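Just so you know, these numbers use all the heavy atoms, side chains as well, and skip hydrogens, waters and symmetry mates. For reference, positions follow the sequence shown, starting with 1. Predicted, not measured: the structure shown is a model, and the values here were computed from it.
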Amino acid sequence: MDFIFKILSNDIIEALGLTLVHSLWQGALIAIVLGVLMLATHKFTSGTRYILAVTASLFMLICPVYTFIKNYNAESKYENSAAIAKASA
């Protein structure tokens, strides 16, 4: 376990942890929306329903990546502002 902490910074580890937690509810929300859309489009063509499912899958791929970037940048900004505040004190 120490090997991981030597390779990755605390910011990356924290951003990964937050991304994991957020990806659970994001995936559930996307699945619920897809389920409702599938019920609403049961008379549409299978191609349309397939496009909806592929779009939902892409959102499930994109959301965690966006969340990681957002969390990592937020952690970096927080550390930078804390370092500046400490240096000016």
Side-chain angles (χ1 to χ4, degrees):
M1 194 68 163
D2 291 336
F3 179 70
I4 294 172
F5 290 115
K6 289 179 183 177
I7 292 177
L8 302 175
S9 70
N10 287 338
D11 291 341
I12 292 176
I13 293 171
E14 188 168 341
L16 283 172
L18 288 171
T19 299
L20 179 62
V21 171
H22 287 296
S23 69
L24 294 174
W25 70 262
Q26 289 169 346
L29 182 65
I30 292 168
I32 290 169
V33 170
L34 177 63
V36 169
L37 287 173
M38 287 295 185
L39 288 174
T41 60
H42 71 280
K43 292 186 178 182
F44 284 44
T45 64
S46 60
T48 303
R49 294 166 52 99
Y50 177 77
I51 289 172
L52 287 173
V54 169
T55 303
S57 296
L58 288 174
F59 273 117
M60 285 188 180
L61 180 67
I62 292 168
C63 281
V65 172
Y66 173 76
T67 302
F68 174 79
I69 292 169
K70 184 178 170 188
N71 285 326
Y72 183 69
N73 287 337
E75 291 297 320
S76 296
K77 287 179 186 175
Y78 173 75
E79 265 195 15
N80 288 341
S81 63
I84 291 169
K86 200 181 247 188
S88 65

**Prompt:** Thr67: what forms a side-chain hydrogen bond (donor to acceptor under 3.5 Å, both in side chains) with it, not counting sequence neighbours?
**Reply:** Gln26
Distance-only donor-acceptor pairs under 3.5 Å for side chains of residues 30-39, two or more places apart:
none

**Message:** What's the separation between atom CG in Leu24 and atom OG1 in Thr19, rounded to the nearest 0.5 Å?
**Reply:** 11.0 Å
**Prompt:** Transitive ILVMFWY cluster of Leu58 at side-chain heavy atoms under 4.5 Å: who else is in it?
**Reply:** Tyr50, Val54
**Request:** Provide the full list of side-chain hydrogen bond (donor to acceptor under 3.5 Å, both in side chains) pairs with a residue in residues 38-47, sequence neighbours left out, each pair given once.
**Result:** Thr45-Thr48
**Asked** Partners of Tyr66 by side chain to side chain contact (heavy atoms under 4.5 Å, CB included), sequence neighbours excluded?
**Response** Lys70
**Request:** Taking side chain to side chain contact (heavy atoms under 4.5 Å, CB included) as the test, write out the residues that go with Ile12, two or more places apart.
**Result:** Leu8, Ser9, Leu16, Phe68, Tyr72
